[in-house]
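Reading through the structure tokens given below for one structure.
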Amino acid sequence: MRSKNAADARVSEFLVCLRSQRNASEHTVKAYRKDLRKFCNYAGKELDWRRVEHRQIRGFLSELLGNGLSKPSIARALASLRSFYKWMAREGHVQQNPAALVSTPKLPKKLPRVPTMEQMNGLLDSRLPENAAFAARDRAIFELLYGCGLRNSELVGIQLDDIGWSSEVIRVRGKGKKERLVPLGEAAAVAVREYLPERQRILEAGKRSSSTLLVNLRGGSLTTRSVGRIVKSIAVAGGLSSEVHPHTLRHAFGTHMLEEGADLRAIQELLGHERLSTTQRYTRLTSAHITRVYDETHPKAK
């Protein structure tokens with residue numbers, strides 16, 4: 001039997017491979033590490049990856065459910081084990097993948113609610129709420145997330161030289177470090193131009209330099225967590241739902257473009273989706289929006 005240390009060592013090898021060969025984000029690596037560590041703790045000190053059976057994995061998932069873990073989190077734990085065993089099979093450490101014999105928990109098809117075009121225009125066409133600590137920067141954040149359909153991690157990763165002012169595009173680094181060019185709309189360009197002098201004053205006051213576009217009030221680079229707090233705070237103060245977060249604005253970008261007649265393939269390119277099926281969920285979002293409008297306005301729907 002392998003010792004627990006040997007089992008952990010195999011997990012460490014897998015995580016190194018995720019970073020070096022698959023260019024996985026730190027968030028992804030952290031999630032895999034957490035899930036696999038939970039299974040190691042469940043299996044105990046005598047864990048031998050070669051002898052794990054699908055029944056043991058089902059028992060692990062049942063324990064997670066009993067501990068109050070949500071179905072999406074349980075599904076992710078199973079996906080972590082499947083990926084880990086696929087890697088071990090490729091490396092010749094095991095001959096079969098017991099996790100492949102376990103069914104993924106059935107997840108509810110929950111579509112994210114996005115602000116309407118009127119709500120987004122109402123927020124962005126007016127002065128930002130008074131709780132905006134750095135109004136010029138915070139407006140740029142909203143305009144880039146909604147106007148360019150960026151992920152939070154893509155937003156905070158923008159460097160000054162990623163902005164092509166003459167070509168009106170931004171170079172964006174997406175998942176797996178894949179780069180794409182995204183059009184820089186007029187509203188976003190204006191917001192960024194108005195923010196840049198304020199950014200420079202902060203850096204000079206703190207005697208700092210930075211190549212990152214978005215900085216905090218001390219001149220340091222903005223984090224995804226900070227962007228999340230800023231977006232939620234301003235959205236709520238502006239009358240939007242408390243469930244609004246940076247990815248909500250990305251969803252709004254895709255949904256509103258589709259509602260205005262944009263081609264699904266074009267939206268896929270703009271959002272940096274690897275698969276068209278990922279983009280197609282916006283057709284469901286639009287159908288949900290149409291149904292909601294019908295229910296709220298048609299006299300025969302009441």
Salt-bridged, Arg180 to Glu154, with N to O below 4.0 Å?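 Between Glu154 and Arg180 there is a salt bridge, with a charged N closer than 4.0 Å to a carboxylate O.
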
Should Arg37 and Asp8 count as an ion pair when the cut-off is N to O under 4.0 Å?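 So Arg37 does not pair with Asp8 through a salt bridge.
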
Is Glu179 atom CD crowded by more than 12 heavy atoms from other residues, nucleotides or ligands, each under 6.0 Å away?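 Check passes, neighbour count above 12.
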
Glu168 CD: over 12 foreign heavy atoms closer than 6.0 Å: no

Where the side chain of [X] meets the backbone of [Y], is there a donor-acceptor pair that is under 3.5 Å apart?
{"X": "Gln119", "Y": "Thr116", "result": "yes"}
{"X": "Arg76", "Y": "Asp35", "result": "no"}
{"X": "Ser226", "Y": "Leu222", "result": "no"}
{"X": "Arg208", "Y": "Arg218", "result": "yes"}

Is Arg10 close enough and on-axis enough to Trp87, meaning under 6.0 Å and within 45°, for cation-pi? no

Classify the ring geometry between His256 and Tyr146 as parallel (under 30°), tilted (30 to 60°) or perpendicular (over 60°). perpendicular

Taking C-beta and beyond as the side chain, do [X] and [Y] meet within less than 4.5 Å on heavy atoms?
{"X": "Ile234", "Y": "Asp138", "answer": "yes"}
{"X": "Leu249", "Y": "Met120", "answer": "yes"}
{"X": "Lys175", "Y": "Thr28", "answer": "no"}

Distance, nearest 0.5 Å, that separates CG of Asn97 from NE2 of His54: 12.5 Å

Please tell me whether Val29 and Phe14 are part of a single hydrophobic cluster in this structure, the criterion being side-chain heavy atoms less than 4.5 Å apart. yes

Determine, using the 4.5 Å side-chain heavy-atom cutoff (strictly less than), whether Tyr195 and Leu217 are members of one ILVMFWY cluster. yes

What pairs of residues pass the side chain to side chain donor-acceptor pair (under 3.5 Å) test when at least one of them lies in residues 261-272, not counting sequence neighbours? Arg265-Gln268

Taking every non-hydrogen atom, the tightest pair across [X] and [Y]:
{"X": "Arg139", "Y": "Leu124", "answer": "NH1-O, 2.6 Å"}
{"X": "Val215", "Y": "Ser210", "answer": "CG1-OG, 4.1 Å"}
{"X": "Ile230", "Y": "Phe142", "answer": "O-CE1, 4.4 Å"}
{"X": "Gln159", "Y": "Ser211", "answer": "OE1-OG, 2.7 Å"}
{"X": "Leu47", "Y": "Cys40", "answer": "CD2-SG, 3.8 Å"}
{"X": "Val156", "Y": "Ser153", "answer": "CG2-O, 3.4 Å"}

Tell me, with the steps shown, if Arg201 and Glu204 meet salt bridge (charged side-chain N to carboxylate O under 4.0 Å, His left out). CA-CA 5 Å; Arg201 275 195 282 275; Glu204 289 175 355; over 6 Å; no

If the test is side-chain contact (heavy atoms from CB on, under 4.5 Å), which one of Leu64, Leu61, Val52 qualifies with Phe39?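 Only one of Leu64, Leu61, Val52 forms a side-chain contact (heavy atoms from CB on, under 4.5 Å) with Phe39, namely Val52.
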
